[in-house]
Amino acid sequence: MIEKLLKKDIIEVLEDLYGIKDYDLQFQKTRKEFDGDITLVVFPFTNFSKKSPEETGNEIGEILNLSDFIYSFNVVKGFLNLVINDDIWLAQLSDALKDNSFGFINANKEAPTYLVEYCSPNTNKPLHLGHIRNNLLGFSVAEILKASGKNVQKVQIINDRGIHICKSMIAWQEFGNNETPETNNIKGDHLVGKYYVKFDQQYKLEVTDLVKNGIKHEEAEKTSPIFIKAQEMLLKWEAKDPDVIALWKKMNSWVYQGFTQTHKRLGVNFDKNYYESETYLLGKEVVKKGLDMKVFYTKPDGSVWIDLSDQGLDEKIVLRSDGTAVYMTQDIGTAIKRHEDFNFSHMTYTVGNEQDYHFKVLFLILEKLGYSWSKNCFHLSYGMVDLPSGKMKSREGTVVDADDIMEQMFQNAKNIAADLGKLDQLSENEAQELYETVGMGALKYFMLKVDPKKRMLFDPKESIDFNGNTGPFIQYAYARINSILRKNNSIIGIDMGVNISDKERELIKLILEFPKLIQESANSYSPALVANYIFELVKEFNSYYQSTSILNAESESLISFRVALSKKIAEIIKSGMLLLCIKVPQRM
RNA sequence: GGUCUCGUAGCUCAGUUGGAUAGAGCAUCUGCCUUCUAAGCAGAGGGUCACAGGUUCGAAUCCUGUCGAGAUCACCA
């Protein structure tokens, strides 16, 4: 905000002094070790001024210093450090205080619609830590986009059909003894996952047996009885066999109950679900159209392909020789359907970076088919969550289960609270709620503070931290401010004559960055920017809190100013953390 | 092998279109609760930004190459 005001003045000065027009100014925050608030980089002007960087900086500074904004200036090497007048900061803070949704832009009807897809699970096993990253990223990006003034729809596509679910179904039929979530008190998605594992075990046994009997390994993998049964079941499903469909519906409903529970605890939600069983046939029509347009071509065996070698990519199949759809076909169809459903301007797919290639191809195909909105489709490609031993592998039992880790975080929060003797003032219900808030806060912040693009490491042996750059650290600061506000919440308004300290000035500057930060994290689809910003704000506040008494300040106007400053910071912490799907406690 | 991504302190990570002496947290060590909540604060040590060139006033950031890690290149999803 301040930059905008300054910009006008500086551009004038540059034109008067050196005849420079419309130069793209480079501002940066003045580093802590120097005196000043905003720094203008003057190196680029030396070409025009024909003087040293120092002289150039001084020349510009002298004239700017006449302005009301500037209190003083200094030049170090090629950097012109500007000290802004305190009443400017106070006025800006005062404006921010009046704004109840500071930093947030409400989307009106004309605002563009952004679709955000995330989660998109298979229905044959429960969610794991990787899904937690996916869900949190997708949800958070959606919230950040909303905050930046977009209309947002959260969607997922549920991969509810195919050979994988048939494997669970067959294994349940063969070994399940009619076990249900109710009879054995097991969460539905875990129950179905159990039979998916059971299938795999049985399959391996059978393959081993066949190999012992002299059959080649490759052959054995294709002829094992249980594998054949699964394939037959898939065919029956596609033929809409009533018994198979009934079983399929029953087992999927178990899974959905489980997913709903997990999503609820995680705190994420969706505006619309797409089911692959309903969309897997979409796209075939489009392939025909694409053939007419000569975007695709047919091979002798009848399969349909696209040649992307001129874009540096390969040939890619879009329809099997038997005429059935592949993943790509469905995704083409689903994308088009979504555009019909929502007329979105942008669509984001939150999917791991192992599918980078797939989405590159998908967007290219949509473009070649003439869907101009394809250029606004974005693959939010995030890195895998790895264990110290490498990738999580369900077959090796190294998968970190989503429900387990959430429960573990709750227990950790409870234990730590007990160690710290925090239990006294709270009722049992309040205490339970607090453990949940803090435990989940630690987990979610841990996942979101890392740049989405980067792969991240999770070590199950070392539990997630509660100190330092963590969710609970931030929540604690919020609770402390709340404690102050419970004692004094009377803000008379900012006295413009109040003297502010360096720390207070730094805090005001940080507060004023919040609106821009939301826009930046929306533009870069990065909740990590929000996380790191809140951390910086809280760190600065904690230092201030420790060194400065808020309620015992020397004068009424100073108390009022400090309470107002703290309150605004608490508001930003709360609204910022909500963008990360993290709640903040009143006490902790 | 082709394509893509990544490599910053012992560990986990920041570092906005190239800018000043590369920053946090954890871990280690030293202090601070009679004062608004110590899940906190203040401080110390810890670096060849993988390596080598190049571009320029200036490079962790851009380009090229080398090494290392990962992903992907299926009539799987």
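Protein chains get the first letters and strands the later ones, always in sequence-line order, with residue 1 at the start of each. Predicted model only: the values in this text are computed from it and were never measured.
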**Student:** Between B/A38 and A/R480, is there an OP1 or OP2 to side-chain N/O distance shorter than 4.0 Å?
**Tutor:** yes

**Student:** Roughly how many Å apart are B/G58 and B/C4, using the P atom of each and rounding to a whole number?
**Tutor:** 30 Å

**Student:** OP1, OP2 of B/U37 versus side-chain N and O of A/K487: anything below 4.0 Å?
**Tutor:**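 For B/U37, OP1 or OP2 has a side-chain N or O of A/K487 closer than 4.0 Å.
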
**Student:** With hydrogens left out and only the distance checked, is there a donor-acceptor pair under 3.5 Å joining A/K453's side chain and the base of B/U5?
**Tutor:** no

**Student:** For atom C1', what is the distance between B/A27 and B/G45, given to the nearest Å?
**Tutor:** 13 Å

**Student:** Classify A/Q26 by what it touches in the nucleic acid, base, sugar-phosphate, or nothing, heavy-atom distance under 4.0 Å.
**Tutor:**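 If one applies the 4.0 Å heavy-atom cut-off, A/Q26 turns out to touch a base.
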
**Student:** If I take atom NZ in residue A/K454 and atom P in nucleotide B/C4, what distance separates them, rounded to the nearest angstrom?
**Tutor:**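 Rounding to the nearest Å, NZ of A/K454 and P of B/C4 are 19 Å apart.
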
**Student:** Does the cation-pi check pass for A/R161 over A/Y280, that is, NZ or CZ under 6.0 Å from the six-membered ring centre and within 45° of its axis?
**Tutor:**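 That pair qualifies as a cation-pi contact.
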
**Student:** In whole Å, what is the span from the CG atom of A/L308 to the P atom of B/A74?
**Tutor:** 13 Å

**Student:** Can you find a side chain N or O atom of A/R161 that sits less than 4.0 Å from OP1 or OP2 on B/C76?
**Tutor:** no

**Student:** What nucleotide among B/G19, B/A42, B/A20 has an atom nearest to a side-chain atom of A/S543?
**Tutor:**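 Closest nucleotide to the A/S543 side chain: B/A42.
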
**Student:** Under 6.0 Å between ring centres, would you say that holds for A/Y445 and A/F535?
**Tutor:**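 For A/Y445 and A/F535, the ring centres are not under 6.0 Å apart.
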
**Student:** Distance check needed: B/C76 C1' versus A/F227 CZ, whole Å only.
**Tutor:** 11 Å

**Student:** So, is A/N159 near the phosphate of B/A77, with a side-chain N or O under 4.0 Å from OP1 or OP2?
**Tutor:** no

**Student:** Need one value for A/S120: base, sugar-phosphate or nothing, where a base atom within 4.0 Å counts as base even if backbone is also close, heavy atoms only.
**Tutor:**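 No contact.
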
**Student:** Using a 4.0 Å heavy-atom cut-off, does A/T39 contact any base of the nucleic acid, only the sugar-phosphate backbone, or nothing at all?
**Tutor:** base

**Student:** What integer number of Å spans the C1' atoms of B/A38 and B/A52?
**Tutor:** 50 Å

**Student:** B/A39 base stacked by A/F466? Criteria: ring centres under 5.5 Å, plane angle under 30°.
**Tutor:** no

**Student:** Would you measure the distance from the C1' atom in B/G43 across to the matching atom in B/U3 and give it in whole Å?
**Tutor:** 50 Å

**Student:** Whether A/K422 contacts B/A39 is assessed here as follows: a side-chain N or O lying under 4.0 Å from the phosphate OP1 or OP2. Is that the case?
**Tutor:** yes

**Student:** Heavy atoms under 4.0 Å, any strand shown: does A/M456 hit a base, just sugar-phosphate, or nothing?
**Tutor:**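 A/M456: backbone/sugar contact only, no base atoms under 4.0 Å.
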
**Student:** Would A/K316 and A/W305 count as a cation-pi pair here, with the cationic atom under 6.0 angstrom from the ring centre and within 45° of the axis?
**Tutor:**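 So A/K316 doesn't make the cation-pi contact.
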
**Student:** Taking the same atom, P, in B/U56 and in B/G40, what whole-Å distance lies between them?
**Tutor:** 49 Å

**Student:** Counting only side-chain heavy atoms from C-beta out, which of B/C41, B/G70, B/A20 sits nearest to A/K77?
**Tutor:** B/A20

**Student:** Strictly under 6.0 Å, is that where the ring centroids of A/Y327 and A/H358 end up?
**Tutor:**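 Centroid distance A/Y327-A/H358: below 6.0 Å, so yes.
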
**Student:** Taking only N and O in the side chain of A/N469, is any of them less than 4.0 Å away from OP1 or OP2 of B/A14?
**Tutor:** no

**Student:** Considering only the C1' atoms, how many Å lie between B/U37 and B/C41, rounded to the nearest integer?
**Tutor:**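 Result for the C1' pair: 13 Å, nearest Å.
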
**Student:** Quickly work out the A/L364 CG to B/U3 P distance and round it to whole Å.
**Tutor:**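 It works out to 17 Å between those atoms.
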
**Student:** Looking at A/K574, A/K567, A/K568, which one forms a salt bridge (charged side-chain N to carboxylate O under 4.0 Å, His left out) with A/E571?
**Tutor:** A/K568

**Student:** Can you tell me if A/R320 touches the phosphate of B/C76, counting only side-chain N or O atoms and a distance under 4.0 Å to OP1 or OP2?
**Tutor:** yes

**Student:** Where the side chain of A/L434 is concerned, which of B/C4, B/A39, B/A14 is the nearest nucleotide?
**Tutor:** B/A39

**Student:** Measure from the side-chain heavy atoms of A/L551 and tell me the nearest of B/C36, B/U37, B/A77.
**Tutor:** B/C36

**Student:** Report yes if the ring of A/F43 lies under 5.5 Å from the six-membered base ring of B/G19 with planes under 30°, and no otherwise.
**Tutor:**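 Given the distance and angle limits, yes, they stack.
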
**Student:** To the nearest angstrom, how far is A/D314 atom CG from B/A74 atom P?
**Tutor:** 7 Å

**Student:** When the P atoms of B/C57 and B/G10 are considered, how many whole Å apart are they?
**Tutor:**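 It comes out at 35 Å once rounded to the nearest Å.
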
**Student:** Does the pair A/K29/A/E513 count as a salt bridge with the N-to-O cut at 4.0 Å?
**Tutor:**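 Yes, A/K29 and A/E513 are salt-bridged.
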
**Student:** Determine the contact category for A/F535: base if any of its heavy atoms lies under 4.0 Å from a base atom, sugar-phosphate if only primed atoms, P, OP1 or OP2 are that close, otherwise nothing.
**Tutor:** sugar-phosphate

**Student:** How many whole angstroms separate atom CG of A/L25 from atom P of B/U16?
**Tutor:** 20 Å

**Student:** Taking any heavy-atom pair under 4.0 Å as a contact, classify A/Q355: base, sugar-phosphate, or nothing.
**Tutor:** base

**Student:** What is the nucleic acid contact for A/R587, judged by heavy atoms within less than 4.0 Å: base, sugar-phosphate only, or nothing?
**Tutor:** base

**Student:** To the nearest Å, give me how far apart OH (A/Y544) and P (B/A42) are.
**Tutor:**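 After rounding, the gap between these two atoms is 15 Å.
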
**Student:** For B/C33, does the glycosidic angle fall within 90° of 0 (syn) or outside that (anti)?
**Tutor:** syn

**Student:** In whole Å, what separates the C1' atom of B/A22 from that of B/G18?
**Tutor:**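 Comparing C1' positions in B/A22 and B/G18 gives a spacing of 14 Å.
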
**Student:** Between A/I518 and A/V530, is the side-chain contact (heavy atoms from CB on, under 4.5 Å) condition met? List the steps.
**Tutor:** CA-CA 7 Å; A/I518 288 184; A/V530 175; 5.7 Å; no

**Student:** Whether the A/N81 and A/N74 side chains hold a donor-acceptor pair (N or O, under 3.5 Å, no angle test) is what I'd like checked.
**Tutor:**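 Yes, a side-chain donor-acceptor pair sits under 3.5 Å.
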
**Student:** Whole-Å distance between B/U16 C1' and A/Q28 CD?
**Tutor:**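 My rounded result for the distance is 11 Å.
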
**Student:** With a 4.0 Å cut-off on heavy atoms, is A/E354 in touch with a base, just the backbone sugar-phosphate, or nothing at all?
**Tutor:** sugar-phosphate

**Student:** Nearest to the side chain of A/D451 - B/A14, B/A20, B/G70?
**Tutor:** B/A14

**Student:** With a non-hydrogen cut-off below 4.0 angstrom, is A/Y357 in contact with a base, only sugar-phosphate, or nothing?
**Tutor:** sugar-phosphate

**Student:** Are A/F378 and A/Y525 near enough that their ring centres are under 6.0 Å apart?
**Tutor:**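 Close enough - the centres of the two rings lie under 6.0 Å apart.
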
**Student:** Under 3.5 Å, is there any donor-acceptor pair linking the side chain of A/N81 to the base of B/A20?
**Tutor:**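 Side chain to base: pair found, below 3.5 Å.
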
**Student:** Does OP1 or OP2 of B/A20 have a side-chain N or O of A/R31 closer than 4.0 Å?
**Tutor:**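 It does, given that an N or O in the side chain of A/R31 lies less than 4.0 Å from OP1 or OP2 of B/A20.
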
**Student:** Students often get this wrong, so: under 4.0 angstrom with heavy atoms, is A/L457 touching a base, only sugar-phosphate, or nothing?
**Tutor:**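 Answer is sugar-phosphate: A/L457 comes under 4.0 Å of backbone atoms only.
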
**Student:** Would A/F473 count as stacked on B/G40 if the rule is ring centres under 5.5 Å and plane angle under 30°?
**Tutor:**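 Base of B/G40: not stacked against A/F473.
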
**Student:** Would you say the side chains of A/S52 and A/E55 form a donor-acceptor pair under 3.5 Å?
**Tutor:**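 Checked: A/S52/A/E55 side chains pair up, N/O donor to acceptor below 3.5 Å.
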
**Student:** Should A/K316 be listed as having a side-chain N or O under 4.0 Å from OP1 or OP2 of B/A74?
**Tutor:** no

**Student:** Counting only side-chain heavy atoms from C-beta out, which of B/A14, B/A38, B/A69 sits nearest to A/V450?
**Tutor:** B/A14

